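Below is one structure, written out as structure tokens; the observations come after it.
Small disclaimer: the values here were computed from a predicted structure and weren't measured. For reference, positions follow the sequence shown, starting with 1.
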Amino acid sequence: RCKNSVDMFFANAKLSYARSIFDFTIENNIKEFTTEISRIPQENIMENWNFSSTLGKYVVNIKTNIAFDLGLGVSLANLLQNNLLFPTKNMITNFGINSSSNVSRYFDFQINSTYTHIKNVVDKRGAVTVNQHQTDAKLNFNLNKKLTLRYQINNLNLKQDGEEGLNYF
């Protein structure tokens, strides 16, 4: 048994950068009620910055792991629309909490919940925002060594600016 409360504590962080050069650019041509999407041979540079971190603790007395996640990302590229080149910026922020526990040799559970905020900005003008919340839960009943009964719930909620929210359960 752990006697020091710092035991079973974990943390990590990651920062990454990637630069990709493509020999094509995506072009959108918008005409009345249709959008035509095509690839044209024009160099396009995409830059991605990402940061992620996790902070967690295993609680011995209740045999449970609890962790918090944070992620931040920025992606820069170009979009060609109706023969005009626009810089685009996608910003993604997510926060999550997850827990898992082996309550006994016959019963364990896992739950993950993540909130994600996405903002897409084209040419520093118009922005489209999407909010997403996803929760997944599993309850396992281990009837014997070869037979497990699982009850699982998945829920996804999406909301985009100007649109009615969608909920998948």
Side-chain angles (χ1 to χ4, degrees), residues 1-22 26 35 37 39 44-77 79 88-122 126-169:
R1 199 157 242 189
C2 296
K3 303 213 186 280
N4 185 342
S5 65
V6 175
D7 286 347
M8 304 292 199
F9 174 80
F10 59 93
N12 69 48
K14 176 182 161 185
L15 178 63
S16 65
Y17 171 77
R19 185 173 193 261
S20 303
I21 301 173
F22 297 95
I26 299 296
T35 300
I37 300 172
R39 282 175 39 158
N44 194 3
I45 298 172
M46 180 182 282
E47 294 182 277
N48 292 297
W49 290 90
N50 292 292
F51 171 78
S52 62
S53 65
T54 301
L55 186 63
K57 172 90 173 108
Y58 181 74
V59 183
V60 176
N61 296 343
I62 58 174
K63 299 178 184 177
T64 301
N65 179 48
I66 300 169
F68 299 92
D69 303 312
L70 174 66
L72 306 168
V74 176
S75 177
L76 307 169
L79 171 69
T88 63
K89 183 179 193 179
N90 289 309
M91 295 165 284
I92 300 173
T93 305
N94 61 37
F95 174 78
I97 182 170
N98 57 70
S99 180
S100 61
S101 180
N102 289 325
V103 178
S104 73
R105 69 181 220 199
Y106 299 106
F107 175 70
D108 62 85
F109 75 86
Q110 300 167 0
I111 186 164
N112 301 309
S113 187
T114 304
Y115 171 79
T116 304
H117 176 80
I118 303 167
K119 185 174 184 179
N120 179 290
V121 180
V122 177
V128 175
T129 302
V130 177
N131 293 305
Q132 172 182 311
H133 181 241
Q134 182 170 354
T135 302
D136 303 307
K138 297 177 188 172
L139 300 173
N140 292 317
F141 300 94
N142 304 306
L143 305 176
N144 60 41
K145 289 182 180 181
K146 295 183 180 180
L147 185 61
T148 298
L149 178 64
R150 174 178 285 169
Y151 181 72
Q152 185 168 336
I153 298 172
N154 304 92
N155 186 353
L156 175 63
N157 184 285
L158 294 168
K159 177 76 172 102
Q160 181 174 327
D161 286 344
E163 300 289 329
E164 191 174 318
L166 298 172
N167 191 38
Y168 301 100
F169 186 74

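Across all non-hydrogen atoms, the minimal contact from K57 to F10 is N-CE2, 3.7 Å. When all heavy atoms are compared, the tightest approach of V121 to A127 is CG2-CB, 4.0 Å. Heavy atoms only, all atoms of each residue included: G73 and N50 are closest at CA-OD1, 3.5 Å.
A 6.0 Å sphere centred on NZ of K159 holds more than 12 heavy atoms belonging to other residues, nucleotides or ligands. Residue Y151 qualifies as open at atom OH: its count of foreign heavy atoms under 6.0 Å is 12 or below.
Between D136 and N112, the side chains place no donor N or O within less than 3.5 Å of an acceptor N or O (distance only, hydrogens not considered). Judged by distance alone, the side chains of T129 and H117 never bring a donor and an acceptor atom under 3.5 Å apart. Looking at T135 and N155, their side chains never bring a donor and an acceptor atom within 3.5 Å of each other.
Here the straight-line distance linking atom CE of M91 with atom CG of N120 works out to 8.0 Å at 0.5 Å rounding. Distance check: N142 CG to S104 OG gives 8.0 Å after rounding to the nearest 0.5 Å. Atom CG of L139 sits about 9.5 Å away from atom CD of Q152, to the nearest 0.5 Å. Rounding to the nearest 0.5 Å gives a distance of 9.0 Å between CD of Q110 and CG of N102. Note that CG of N94 is 8.0 Å distant from CG of D69, once rounded to the nearest 0.5 Å. The CG atom of N65 sits 7.0 Å away from the CG atom of N98 when rounded to the nearest 0.5 Å.
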Exercise. Hey, mind stepping through Y115 and T93 against side-chain contact (heavy atoms from CB on, under 4.5 Å) and telling me if it holds?
Worked result: CA-CA 8 Å; Y115 171 79; T93 305; over 6 Å; no
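Ring-plane geometry between F109 and F107 is classed as tilted, the angle between the planes lying from 30 to 60 degrees on a 0 to 90 degree scale.
Between T64 and S99 the shortest side-chain heavy-atom distance falls below 4.5 Å.
N44 places no side-chain N or O within donor-acceptor distance of the main-chain N or O of F22, the cut-off being under 3.5 Å. Under the 3.5 Å distance criterion, the side-chain polar atoms of T148 are left unmatched by any main-chain donor or acceptor of F141.
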